[in-house]
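Here is the structure we will look at.
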Protein chains: 2
Amino acid sequence: MTSALQPSPEHARLIRKFESVSRLGPSDIATLARLPLRTRSVEAGAEVVAQGATPTECCFVIEGWMCRYVMTREGGRQIVSFHIPGDLPDRDSLHLPHLDHSISAISSARVAFIPHAAVSAVLAHHPNIAVAFWRDAVVDAGVFRQWLTSLGRRDAKQRVAHLICEMFTRLEGLGLADSDHFHFPVTQTQLGDALGLSAVHINRTLQDLKASGAMSWKSSVVTIHDFDALRQVGDFDPAYLELRPMGLTH
Amino acid sequence: MTSALQPSPEHARLIRKFESVSRLGPSDIATLARLPLRTRSVEAGAEVVAQGATPTECCFVIEGWMCRYVMTREGGRQIVSFHIPGDLPDRDSLHLPHLDHSISAISSARVAFIPHAAVSAVLAHHPNIAVAFWRDAVVDAGVFRQWLTSLGRRDAKQRVAHLICEMFTRLEGLGLADSDHFHFPVTQTQLGDALGLSAVHINRTLQDLKASGAMSWKSSVVTIHDFDALRQVGDFDPAYLELRPMGLTH
DNA sequence: CGTCGTGTTGAGGCTATTCAAAGTATGTGG
DNA sequence: CCACATACTTTGAATAGCCTCAACACGACG
């Protein structure tokens, strides 16, 4: 079948993502390549799924960066995750009646929507894909734990360094980073909302990190000069990202 | 079959937990009642599963409280979750080669271990249980998001109030809380490790909360005098705990 | 009866915050 | 191509929230 041999670029992104967390067989890949995708372009800052909504589709990132966030009663905003191409920011909506958070585009982005029914059908009949789905969710949980650790027990410099290391490593795992730099379309205000800090303090902390020589950041491009130093500063251990796919069950 | 009609108290706890997140049919319940459990008592503070371990069983809480935590390089400890009877603190170990966190008993506790193979077999053949398993994981993720929001964007008083509300609501959902009070065997130091605060500051914050009249805390028992006030202070909305079980698929 | 874990209180200091303002890109319309 | 608007970054000063250190109180327990 032609579609199995030549998946669309969108499907290829999805397949690549699943292959980064779990091993898939040819029939799994062919199945993923046939998933119905409705693609859409969204501009920077646009809300794609609102808190409280009850989606009937899963959203998946093709291009650009997205984030999930929770608003507090007082208007504070906490970004709880960043999402890069291949990610399924609302994978949980499949098992949750209404979302407890919103999903927005950070940069201008292209996203695809897959009907819940299609996802459920694939999961029910393809155990390897179901395992990949599980592993993706479990890695996400590990990311949450690390973010919690950062917000609870790491200071500003460590938090920023840890996040830079995490995003660089995740992008690398999907083939989306160059050897020493990557596109980071996040404003300092958004960075503050993710790391539980004010934009002002993010700014000073970044200058501090730049002065140390481990990294630089100019017009949305982060360049890593000394990853090991950054790793050290941020207390970063990539183990939780589980970049080695586990074996097939079938 | 007798075991299906009269599940052991341990199995009853597990069944009750799954029923609190998802609807189960009689055959699902009978299946859960037959799961092989190896029970064990652990004393307060004991580590049950160590960071980096590769468990071959899932651990489940029968009695007492447990927690998961991550240590930073500098020796800081971040508690990332509390677990009460019915919870499966290392449910993720089923899909994760090695744990990125440790699991300890907070109070003296009784836990049971279920071999991964037994869990996998049940999930593969009982779609309703698989859905319950998913929903449990998804609710956990919601709890993580709320904790992140607390650590990132709520002050000390709000964090404590939010946690008290959350634990009270979770215990109630499992029938483990009385109308206005519950057993809370967590020290102020542990509370600090969970909320990203020092024990000293937790102490002052608690006094502040007690003075407001919304709650009191004496010898491991928290009494809620005005839940609504506490909910207000902590910006707590129970929606993320998803206490209404969703329907059957079969 | 002393010890250990936990809770309580005080003083001083540091981190990160808020508010305010100015500087710098980037994009837009004339 | 310039003038302007908008968004983002940078800087300074004053302050609040939380931390650390240190000491003491209290109850449980051997």
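The model shown is predicted, which means the values in this text are computed figures rather than measured ones.
- No side-chain heavy atom of Met66(B) sits under 4.5 Å from any side-chain heavy atom of Phe60(B).
- The backbone N or O of Val138(B) lies less than 3.5 Å from no partner atom in the side chain of Asp92(A), so there is not a single donor-acceptor pair.
- Of the charged side-chain nitrogens involved, at least one lies within less than 4.0 Å of a carboxylate oxygen, so that Glu10(B) and Arg110(B) count as a salt-bridged pair.
- The interatomic distance linking Gln190(A) (CD) with dT9(D) (C1') rounds to 14 Å, in whole Å.
- Between the side chains of Glu74(B) and Thr72(B), not a single donor N or O lies within less than 3.5 Å of an accepting N or O.
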Counting primed atoms, P, OP1 and OP2 as sugar-phosphate and everything else as base, the B/S/- map of nucleotides 8-23 of chain C against protein heavy atoms under 4.0 Å is BBBB----BBBB----
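- The closest donor-acceptor contact from the side chain of Asp235(A) to the backbone of Arg73(B) lies under 3.5 Å.
- Of the charged side-chain nitrogens involved, at least one lies within less than 4.0 Å of a carboxylate oxygen, so that Arg153(A) and Asp193(B) count as a salt-bridged pair.
- Proximity of a side-chain donor or acceptor of His83(A) to a complementary backbone N or O of Leu88(A) within less than 3.5 Å is not detected.
- If you take CD1 of Ile106(A) and P of dA7(D), they are 17 Å apart, rounded to a whole angstrom.
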Could you go step by step and tell me if Ser198(B) and His201(B) meet the side chain to side chain donor-acceptor pair (under 3.5 Å) rule? CA-CA 5 Å; Ser198(B) 70; His201(B) 200 61; 5.6 Å; no
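- Comparing the helix axis at one end of the helix from dC1(C)-dG30(D) to dG30(C)-dC1(D) with that at the other, each defined from 5 consecutive pairs, gives an inter-axis angle of 40° (nearest 10°).
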